Amino acid sequence: MDLEQQVLERIVPSPEQVRSIEDKAARLKGLVESYVAAHGIDAEVRFAGSFSKNTYLSDPDLDTFLMFPPETSPEDVKRIGLQAGEDILHGERMFSDHPYTRGKFEGVDVDMVPCYRIDSTEHLLSAVDRTPFHTEFIRNALDEDGCNQVRLLKRFMKGIGTYGAEQDSRGFSGYLCELMVVKYGSFRKVLENASRYRDGVSVDIRGPGPRMKAPMVFYDPVDVRRNAASAVHLDTLARFIVASREYLREPRMEFFFPNPRTPMTRGELEAKADADGARIVAAVFRRPDAIEDNLQSQLWKTQYALERKLDNFGFEMLRAAHRMDGDSMTVAFEVARDTLDSAFRHRGPPVWVDSEPFLARWRDNPHGEPFIEDGCWTVIADRQYTSAAEMLGREAAVAGIGREMDPGSMEVLDHAEALERVDAGLLTELLDPRFPWENRAKDY
C-alpha cells in the first residue's frame with residue numbers, strides 16, 4: 001500500500017462518523033428552521049464549509065448560514081441573525097469582518113452566520129455572501145476521489161504547519177486547498193506545481209481578475225475580484241514550497257503526522273544560547289479579553305514592533321517567536337547582545353549641508369566636540385539605553401504594538417529570567433527552529 005493510501009485510511013471519515021455528523025446536521029437544521037418559522041423570520045437555512053462539500057477530515061464544524069432576502073436592512077440581518085444564534089446555540093458573539101455566533105450543538109462546533117441570499121457575486125451586500133457560492137462551486141467541481149485528494153492536501157498542510165487562514169497560521173484556507181485540487185487535479189499535482197512557485201505567483205481557474213500584488217494570488221472563481229490566497233504570508237508560502245520539494249523527493253508519513261518535538265532542558269537552552277554567542281529577552285503580556293483571531297494578529301504586530309525597537313537601539317535582533325497560552329502572551333527574542341556600552345558614535349549630517357543645528361546641539365558635549373569622519377560631522381554620545389530589557393520596558397508603549405496589548409501589564413524578562421520562566425517549548429522553537437517533518441518517526 002503506498003503512503004498516500006495509508007494516510008487516506010487514517011483521515012477519511014468512517015461510515016459511522018459520516019452518519020453521526022449527518023444526523024446531527026439534520027437535527028440542527030430542523031431546529032433552526034423551526035426557530036425561523038416560529039419567529040416569522042424570512043431566511044433560508046443552508047450549510048456551508050467542509051461538511052457541506054464533503055472535504056472534512058474529522059469532527060467538522062457545522063457552518064450554518066441564515067440567508068436573508070436582499071431587501072432586508074443590514075441592521076435587521078445583524079440583529080435577527082445574532083439573536084437567533086444566541087437563542088439556539090447560547091454561544092459567543094464573534095465580531096470580525098462580519099458578526100456571527102459561535103457555539104456548540106450536540107458536541108459539534110457551530111458557527112451561525114447571517115448573510116444575504118443573492119443571485120450572483122457581482123453585487124455583494126455583506127462580507128460573507130460569497131460563501132454559499134464557494135460551496136456550490138466545489139460540490140460541482142469535485143467527485144469523491146477529488147474530495148479525498150483535498151483531504152490529503154489539508155492533512156499535509158496541517159502537518160507542515162501551513163493550514164488555516166487565521167492570523168496565527170497566516171496560511172492556506174480549506175477553500176484554497178479545494179481550489180488547488182480543482183486547478184491541478186490531485187494532491188501530487190498540487191505539490192509538483194507548488195514546488196515551482198515563486199513570490200508573487202498568480203493562479204486562476206476561470207481566468208484572472210484585476211491585477212493584485214501579494215505573495216500568492218489565486219483568483220476566486222466565483223468572484224475574480226477576490227484573492228482566495230490573501231491570507232497566505234510570504235514565509236508560509238515559502239515553507240509550502242520547501243515541503244513540496246522535499247516530499248516529492250522523499251515521501252514520509254511525518255509530513256502528514258509530525259512527531260511532537262521534545263523541548264530542550266534549561267541547561268541545553270543555555271548552552272545553545274552560549275554557542276550562538278547570543279542572549280534572550282522576553283516580553284510577557286496579560287492576555288486581553290478579546291477574540292482570539294484578533295489577538296493573534298496583534299501578537300504578530302507586537303513581535304514585529306519590538307523587533308524594530310531592538311534593532312533601532314543597537315541590540316541586533318536575531319530571531320523571535322511568540323505564543324499565546326492561557327492568560328499570558330509571550331514574545332521571546334534572541335539578540336546578539338542584551339547590554340551595550342554607555343557611549344556610541346553618533347553620525348550627523350555631511351559638512352556641506354547646513355550643519356549649524358547639529359553643531360549647536362552638541363557643543364559642550366562631555367565626550368568631546370564634533371569631529372569629521374567620512375565627510376560627516378560625528379560625535380561620541382551617551383546611549384539612551386544600555387539594557388535591552390530596560391529599553392523594551394520603556395519603549396513598548398510607543399512601539400506600535402497591538403491595539404489591545406496593554407504595556408502596563410507587560411513584564412520584561414532578562415536572559416536568566418527568560419531561561420527560568422519562559423516555556424521551554426517556545427525557547428526551543430526560538431533557539432533551534434526546525435520544520436515539523438524533520439522529527440523522524442519510529443514506525444507506522
Side-chain angles (χ1 to χ4, degrees), residues 47-57 60-61 63 65 96-98 100 111 113 115 118 120-142 146-147 149-158 160-187 189-191 193-194 196-241 244 293 297:
F47 289 118
S50 62
F51 165 73
S52 60
K53 293 176 280 191
N54 192 34
T55 59
Y56 61 94
L57 296 175
D61 297 349
D63 296 332
F65 278 62
S96 53
D97 290 339
H98 186 77
Y100 62 99
D111 286 347
V113 185
C115 73
I118 57 178
S120 81
T121 59
E122 282 295 313
H123 303 289
L124 298 171
L125 298 175
S126 79
V128 295
D129 291 346
R130 295 185 193 91
T131 305
F133 292 90
H134 293 165
T135 300
E136 290 306 308
F137 178 83
I138 296 301
R139 289 177 64 172
N140 292 330
L142 292 177
C147 291
Q149 295 301 304
V150 170
R151 288 184 168 104
L152 281 173
L153 182 58
K154 285 184 176 181
R155 185 60 254 177
F156 182 85
M157 292 283 195
K158 285 177 178 284
I160 66 173
T162 59
Y163 185 74
E166 298 80 9
Q167 289 294 341
D168 59 332
S169 308
R170 307 186 301 172
F172 294 74
S173 68
Y175 179 53
L176 180 54
C177 291
E178 292 157 356
L179 290 179
M180 294 175 80
V181 171
V182 172
K183 170 67 178 179
Y184 298 120
S186 71
F187 166 69
K189 291 291 186 183
V190 170
L191 299 197
N193 282 273
R196 298 188 293 271
Y197 280 174
R198 298 289 186 271
D199 181 15
V201 61
S202 179
V203 188
D204 64 79
I205 292 175
R206 290 179 167 173
R211 184 175 177 81
M212 302 181 190
K213 185 173 176 58
M216 180 179 183
V217 176
F218 200 121
Y219 290 98
D220 189 338
V222 309
D223 183 358
V224 294
R225 298 167 299 177
R226 174 179 179 264
N227 178 14
S230 61
V232 179
H233 190 274
L234 179 59
D235 289 346
T236 313
L237 175 65
R239 177 182 287 216
F240 179 49
I241 293 169
S244 297
D293 282 357
S297 175

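Owing to the predicted nature of the structure, the values given are computational and were not obtained by experimental measurement.
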Using every non-hydrogen atom in the two residues, find where Asn54 and Cys147 come nearest and quote the distance to one decimal.
O-CB, 3.3 Å
How are the rings of Phe156 and Phe240 set to each other: parallel, tilted or perpendicular (split at 30° and 60°)?
perpendicular
Atom OG1 in Thr162, atom CG in Asp235: separation rounded to 0.5 Å?
12.5 Å
Specify the closest pair of heavy atoms between Val232 and Gly171, including all atoms of both residues, with the distance to one decimal.
CG2-O, 3.4 Å
What heavy-atom pair brings Met157 and Met180 nearest, and what distance separates the two atoms?
CE-SD, 4.5 Å
Who passes side-chain contact (heavy atoms from CB on, under 4.5 Å) against Ser202, sequence neighbours left out?
Val217, Tyr219
My understanding is that only one of Thr135, Asp220, Asp223 makes a side chain to side chain donor-acceptor pair (under 3.5 Å) with Arg130; could you say which?
Asp223
Step-by-step side-chain contact (heavy atoms from CB on, under 4.5 Å) determination, Lys189 to Lys183:
CA-CA 9 Å; Lys189 291 291 186 183; Lys183 170 67 178 179; over 6 Å; no
Nearest atoms (heavy-atom pairs only) where Val224 meets Pro208
CB-C, 4.5 Å
Please round to the nearest 0.5 Å and tell me the distance separating atom CZ of Phe218 and atom CG of Leu179.
5.0 Å
So, for Gln149 and Val181, which heavy atoms are closest and what is the spacing to 0.1 Å?
CB-CG1, 3.9 Å
Which pair of non-hydrogen atoms, one from Cys177 and one from Leu153, has the smallest distance, and what is that distance?
O-CD2, 3.5 Å
Relative to each other, are the rings of Phe51 and Tyr56 parallel, tilted or perpendicular (30° and 60° limits)?
tilted
The ring pair (Phe, Tyr, Trp, His ring centres under 6.0 Å) partners of Tyr163 (sequence neighbours excluded) come to none
